[in-house]
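Computed from a predicted model, the values in this text were never measured in an experiment. These values consider heavy atoms only, across backbone and side chains, with no hydrogens, waters or symmetry-generated copies.
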Amino acid sequence: MHIIAKSYPVPIKYTYRHMLKSSIKSLYRYFLYMIFAANCIIVTSCSKSSGHSIESKPMSFQIIKTDTILGGPVNAYFIDSQSILVNDAKTNPLISVFNIQTGRNEFQTATIGNGPNELFPPIRTTMVDSTLYILNLADKKVYISNLIDRTLNEVAILSKDVMGIYYISSHQKFIAPVMPVLTDSDEVYPYAYVYDKDFNKVQELESFATLWDKEKNFDRSVLSKFHQIQGIASVDDGGIAILEAHVLRLYHYTKGAYIHKQDILLSPYEYDVYPASKQMMLPHTKLKDGYMKGAKDIVAYGNNILLSVDTDIKGVDSSLQNVELWLMDCDGKHLNTYIPDIPVCSYPLAVSKEGTVLMMTDDENMSLAVTRFPHL
């Protein structure tokens with residue numbers, strides 16, 4: 001396993017901003033930042049620094065107010081150069097398509113309820129060409145929508161431990177992250193399932209990234225709780241990149257199967273483990289104070305991938321998320337960092353074929369935030 005070596009210094013603007021708020025809280029926050037900075041030297045297999053300097057650049061966003069309320073967007077996809085589909089966990093209907101120039105709501109589907117063409121949240125979505133696939137997490141049923149009418153057609157029922165769905169168009173495969181539902185420590189807990197286009201299971205991804213030394217002996221049920229998949233994107237070499245909050249995992253695609261290639265530590269992490277109990281049948285985990293909250297979304301971008309990263313430090317109060325966009329190449333090398341000029345949410349993140357980046361503003365009146373990526 002090869003781990004990229006980088007040092008991530010604490011951004012001066014964030015340190016100064018928090019230190020100005022109050023003397024007691026500032027000292028506490030500064031102390032946590034120093035812990036984080038000390039922990040942020042990532043060692044390579046040869047124990048030497050790569051010497052790679054990461055440039056930070058400002059990124060200017062335009063705010064587009066929508067004519068219907070945005071409540072809690074989960075993910076988003078460009079339908080075409082002007083239309084964005086948003087899966088919103090706190091609106092009814094759950095799915096909306098907006099024009100990114102006017103903010104006008106052009107289409108809605110997935111009304112909350114238990115009748116025909118109705119669903120109960122939460123749901124997860126993925127796009128297959130111009131067709132929307134919807135996974136209802138309550139019963140694991142998969143529905144499709146043609147985005148022309150509000151009809152939802154059931155096409156599959158997935159395993160009860162499936163927690164999401166991503167479509168890889170270049171391979172015509174669905175990848176489904178899973179969460180264990182059993183408590184037997186001897187059980188083999190998969191990391192994700194791979195389905196063909198007809199939802200036949202063709203592969204199970206079983207390994208977990210254990211880049212913190214103390215977790216190497218943790219039970220798989222613990223690893224599966226912390227190492228949850230945040231997003232999946234195709235990479236230029238024909239494989240895929242699977243994003244976790246602190247780890248980027250790269251896979252080859254060979255003879256119809258995904259083969260693990262490399263794990264890259266994006267930022268250091270440690271977490272506390274709470275065992276299963278009568279109240280909670282499965283163990284759960286919690287990131288320790290002093291560590292970056294981490295990456296939240298990933299999209300393919302030309303020959304590269306783009307990550308949305310919440311750079312706030314766990315345990316440090318912050319009224320708004322501090323979000324950066326990290327541009328990585330297909331080998332996981334960090335090329336550039338982009339700093340939005342307005343407060344934005346760490347997810348969802350979407351990029352059109354033409355290079356338009358879409359995020360959401362992080363304020364009371366959540367709106368669309370769009371920009372043109374500078375490399376196109």
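Screening residues 100-116 for salt bridge (Lys or Arg N to Asp or Glu O under 4.0 Å) gives Arg104-Glu106 as the qualifying pairs, with residues at least two apart or on separate chains.
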With side chain to side chain donor-acceptor pair (under 3.5 Å) as the criterion, how do Thr285 and Asp272 come out once you've worked through the C-alpha distance, each side chain's angles and the decisive distance to 0.1 Å? CA-CA 6 Å; Thr285 61; Asp272 295 312; over 6 Å; no
Could you walk me through whether Trp326 and Ile54 pass side-chain contact (heavy atoms from CB on, under 4.5 Å), step by step?
CA-CA 10 Å; Trp326 292 4; Ile54 302 169; over 6 Å; no
Just do the ring pair (Phe, Tyr, Trp, His ring centres under 6.0 Å) check on Phe226 and Tyr269 with the steps written out, would you? CA-CA 10 Å; Phe226 185 80; Tyr269 64 88; 5.3 Å; yes
**Item:** Evaluation steps, side chain to side chain donor-acceptor pair (under 3.5 Å), between Asp341 and Ser60
**Value:** CA-CA 5 Å; Asp341 65 341; Ser60 179; 3.2 Å; yes
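If you chain together ILVMFWY residues whose side-chain heavy atoms come under 4.5 Å of each other, Phe107 ends up grouped with Tyr77, Ile79, Leu85, Leu94, Ile95, Val97, Ile112, Leu119, Phe120, Ile123, Met127, Leu132, Ile134, Tyr143, Leu147, Leu152. Grouping Ile, Leu, Val, Met, Phe, Trp and Tyr residues whose side-chain heavy atoms lie under 4.5 Å apart, directly or via other members, places Met163 in a hydrophobic cluster with Met179.
Between the Lys314 side chain and the Lys293 main chain, no donor and acceptor come within less than 3.5 Å of each other. Between the side chain of Asp329 and the main chain of Asp331, a donor-acceptor pair closer than 3.5 Å is present. Between the Lys140 side chain and the Val162 main chain, a donor and an acceptor come within less than 3.5 Å of each other. Counting only distance, with no hydrogens or angles, the side chain of Asn99 and the backbone of Gly103 share no donor-acceptor pair below 3.5 Å. A donor-acceptor pair is defined here as one N or O able to donate and one able to accept, closer than 3.5 Å; no such pair exists between the side chain of Lys225 and the backbone of Val222. Panel note: side chain Ser367, backbone Asn365; a donor-acceptor pair is recorded below 3.5 Å. With hydrogens and angles ignored, the 3.5 Å screen pairs no side-chain donor or acceptor of His227 with any backbone N or O of Ile229. Of the possible polar contacts, none joining the Asp297 side chain to the Ser308 backbone as a donor-acceptor pair under 3.5 Å is found. Proximity of a side-chain donor or acceptor of Asp213 to a complementary backbone N or O of Lys216 within less than 3.5 Å is not detected.
By the 4.0 Å N-to-carboxylate-O rule, Arg249 lies close enough to Asp263 to be salt-bridged with it.
Close placement of the Tyr301 and Phe373 rings is indicated, their centers lying within 6.0 Å of each other.
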